[in-house]
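What follows is one structure encoded as structure tokens, with my remarks underneath.
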Number of protein chains: 2
Amino acid sequence: MEQRVIDTLRNVFELNGFIGIETRAVEQGSSLLKKGETSKEIYLLSRLQEVGHESDTPIEDRLGLHFDLTVPLSRYVVEHSGDLAFPFKRWQIQKVWRGERPQEGRFREFVQADIDVIGNGDLPDHYEVELPLVMVSALERLREFGLPKATVHANNRKLSEGFYRGLGLTDVEGVLREIDKLDKIGADEVAKLLVEGCGANENQARACLELAELTAANGADLAEKFDALCAKHDIAADSDAYVLARQGLDTLAMIVDEAARIRPGSVIADLKIARGLDYYTGSVYETFLDGAASLGSICSGGRYDNLASQGNKKYPGVGLSIGLSRLVSYMLHAAGAHANRVSPASVLVAVWNEADRSASNVIANQLRARGIAADVAPTAAKLGKQIKYADKLGVPYVWFPSDAAEDGVGDEVKNIITGDQQPADARSWEPDTVYARQTVTVEA
Amino acid sequence: MEQRVIDTLRNVFELNGFIGIETRAVEQGSSLLKKGETSKEIYLLSRLQEVGHESDTPIEDRLGLHFDLTVPLSRYVVEHSGDLAFPFKRWQIQKVWRGERPQEGRFREFVQADIDVIGNGDLPDHYEVELPLVMVSALERLREFGLPKATVHANNRKLSEGFYRGLGLTDVEGVLREIDKLDKIGADEVAKLLVEGCGANENQARACLELAELTAANGADLAEKFDALCAKHDIAADSDAYVLARQGLDTLAMIVDEAARIRPGSVIADLKIARGLDYYTGSVYETFLDGAASLGSICSGGRYDNLASQGNKKYPGVGLSIGLSRLVSYMLHAAGAHANRVSPASVLVAVWNEADRSASNVIANQLRARGIAADVAPTAAKLGKQIKYADKLGVPYVWFPSDAAEDGVGDEVKNIITGDQQPADARSWEPDTVYARQTVTVEA
């Protein structure tokens, strides 16, 4: 299942011109620690010979496992900047590791599927609508596996920051962090936290909540409602704070209007989206599935202007990341499916006795040469046992080679689901596609 | 390149009925340490919060990264034995890590591609010829990427052990270890080491070398020459040592005869193959490429009867493993190719000015809907700059949307390699397959 999902995503990303890269799992501690907040979740490595002396090496000089695919991308872009054509659009689907205590539904090791576009010095803002739309079309393709419809919720850091500063608040990170809890703990609790922890008075706290709860049908509606809110809270249109907010607003309005034009209902403005990571500098995205609110965001990201740099050269980027392991778990659960150990083979070729095994091998090879996956019975056991083996493996057909001892009877193939048995020739027979196996990669 | 190689291997493995599994990269120290010899190369993990206290936890209770795919398979089989249909045939292609000091051409992190078949209690010996043949057919498919012909060299531990014991030698592991150096240091040096370190006298050492250098055209020839060697060194045909050796000989003779029948020249008997790992109990395999002796074995394995067990139940197995990263490095080097950052896109759609970007997006989406990977120019720069961007990305076609300002001129597409420019319709145009891009995954 996961493998088919990965193949589907890869196909969509490449259709959109993203280049696949793979980076090593192991990065320098100094790279991993840059990103602040999540640093507590890093797994550090030590060679067996170093046990007992690990602490001799400063953490920055030790090696650790990457905990996301953005930090490795930053390193990669800086290292290969001379060879890359910018803007550099890349997809990357790999495992990441978090050194946290495992909880139910949270893995220490999981797969992320990321797309990012990185500019050299600058990066046009049309990518801020194009990248979420690529993710939407990828998630749309996953609906064939039972995934519900996905909607991207977009916001903009500049909009929030400008508004908070316009209100006279200075602890912007703090306010964002509390607003992020809105869906979990409700407006009253958030207001309390804003007053207690972020230096807001009751009015300022309520204004932050009004912004978070603002909804709009389109870009113009959004701008109108935002301006009304600013007027209500005395944020002057010529203030630095308003100018900053307006930059964010214009980008967000462009995103929702352009997305509505190309794929209506795929991206909406949601002004309570805050995102925990402090490296986002503009657009931020979270993605929710219809009827799966408890799952939280399944695909998140944003624009970051300061993550990668080399001297005074900057590499701004826009990217989104799907938490693939969680998503696949959900799909398996929601679809009522489970990862059963199913053979990719369509056919099990029976073996009458060990001396005739090579005849069965010849048949299997004829089928394989025509792209039909085939297995051969492990032993010349009683026929019932061979059919039972096929059944346990989920192989729908059992092939009976012509028995040399029984004159005049040619090869036959039995569909063990329907019981139907027919004469067949390994050079031309095709399985009924209804029963042909799908390729399945099993989780562990 | 690596991705295409992986896709090819996966296809061959699944055509042969192997089930794909993926196991977590992280295993318990107690599992990882079981395997003895390579244990020094393990990377152990510690959470960032544990730094300075790592040694409080015994190594067995710590977590480490898997260094091969056999140890995880053993754990997997024991854990899921109730759900699996035995014999369980699985393929697995994943990264592994070795905590060794990096040297040139040796990676700390690399990809292995393994196939194994695991029996419950017993395992028929026909798998000892079938699995190397699956690997041969997989390697054969890689010849389209420039890989030379591969030949599997097979030996059998029982054959070697029986012969050594028949000679009166008891340090079987020691003798195997020294014989393994034959190609590197030559017969005289190996003889010296056998005398100095393994308790052999000059005659016994020479006899071991005679066995290692024995070659045979087929199974009968092998048996005849082996029996002559035993007679020469007074190993009685009714001795326990000979009986053991003869078991191994019979299996090896079956392997070379059966392989010669199915795929002549693919598997040969090579009695100096020893394999370093002490868990092999029967057949052992190494695989060499024509004209690439210095590369050493690219695909190795064998039969192991005692690796996985649960109480007094045993799970014997046969498996082979390709060191994929090394192989891909070699292929890139040998083919004179290099991992260039090439876009998967066949077409770059030009943008005349930012106001017309959406028209270009519509064209790109029409192409994508028909499976043609397309990119859109990042900015409405001068046309020369847009073509240069396509060229740098390796995109062969640039699409010129009809310019609304220029009446009567429709869409045109330019092949920037040949310079040919033609009218085109995004709903029907097809790229010339000669210039259509291949999907490329870049290494880092």
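In the text below, chain A, chain B and the rest are named by the order of the sequence lines, each starting its count at 1. These figures come from a predicted structure and were not determined experimentally.
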Atom group of A:L65 that falls short of 4.5 Å from chain B, counting heavy atoms: side chain
Heavy-atom side-chain contact between A:I372 and B:L15 under 4.5 Å: no
When B:L123, B:L45, B:I262, B:D375 are compared by non-hydrogen pairs under 4.5 Å with chain A, the top option: B:L45
Heavy-atom proximity to chain B below 4.5 Å, by part of A:R62: side chain
Side chain / backbone / both / neither for A:K89 at chain B, heavy atoms under 4.5 Å: side chain
Nearest atoms (heavy-atom pairs only) where A:I19 meets B:S343: CG1-CA, 3.6 Å
Any side-chain heavy-atom pair of A:L44 and B:L48 under 4.5 Å: yes
Spatial distance of atom CD (A:E22) from atom CD1 (B:I6) [nearest 0.5 Å]: 6.5 Å
Contact origin within B:N361 toward chain A - heavy atom pairs under 4.5 Å: side chain
Residues that B:D7 engages under salt bridge (charged side-chain N to carboxylate O under 4.0 Å, His left out), provided they are two or more places apart: A:R10
Top of B:S137, B:G119, B:A374 for chain A proximity - count of heavy-atom pairs under 4.5 angstrom: B:A374
Among the listed options B:G17, B:G29, B:P72, B:S46, the residue most often paired with chain A at heavy-atom distances under 4.5 Å: B:S46
Rounded distance [0.5 Å steps], CZ in B:F88 versus NZ in A:K392: 11.5 Å
Sub-4.5 Å side-chain heavy-atom contact between A:R47 and B:E41: no
Donor-acceptor pair, side chain of B:E14 and main chain of A:A373, under 3.5 angstrom: no
Side chain to side chain, A:E130 and B:R357, heavy atoms closer than 4.5 Å: yes
Contact origin within A:P378 toward chain B - heavy atom pairs under 4.5 Å: both
Selection from B:N11, B:N16, B:V12 maximising heavy-atom pairs under 4.5 Å formed with chain A: B:N16
Considering all heavy atoms, the nearest A:L393-B:A85 contact: CD2-CB, 3.8 Å
Interface moiety of B:R261 toward chain A, non-hydrogen atoms closer than 4.5 Å: side chain
Among B:Y127, B:F18, B:Y43, residue most engaged with chain A (heavy-atom pairs, under 4.5 Å): B:Y43
Within-4.5 Å side-chain heavy-atom neighbours: A:E258 and B:S358: yes
Contact winner vs chain B - A:V26, A:V117, A:N365, A:L348, heavy-atom pairs under 4.5 Å: A:V26
Separation between CD of A:E354 and NE2 of B:H126, rounded to the nearest 0.5 Å: 5.0 Å
Residue part contacting chain B, namely of A:A364, when any heavy atom lies under 4.5 Å: neither
Set of residues satisfying salt bridge (charged side-chain N to carboxylate O under 4.0 Å, His left out) with respect to B:R368, sequence neighbours excluded: none
Flag side-chain contact, heavy atom, 4.5 Å: B:P344 against A:F13: no
Any side-chain heavy-atom pair of A:P87 and B:Y389 under 4.5 Å: yes
Contact check, side chains of A:R108 and B:L63, non-hydrogen atoms, under 4.5 Å: yes
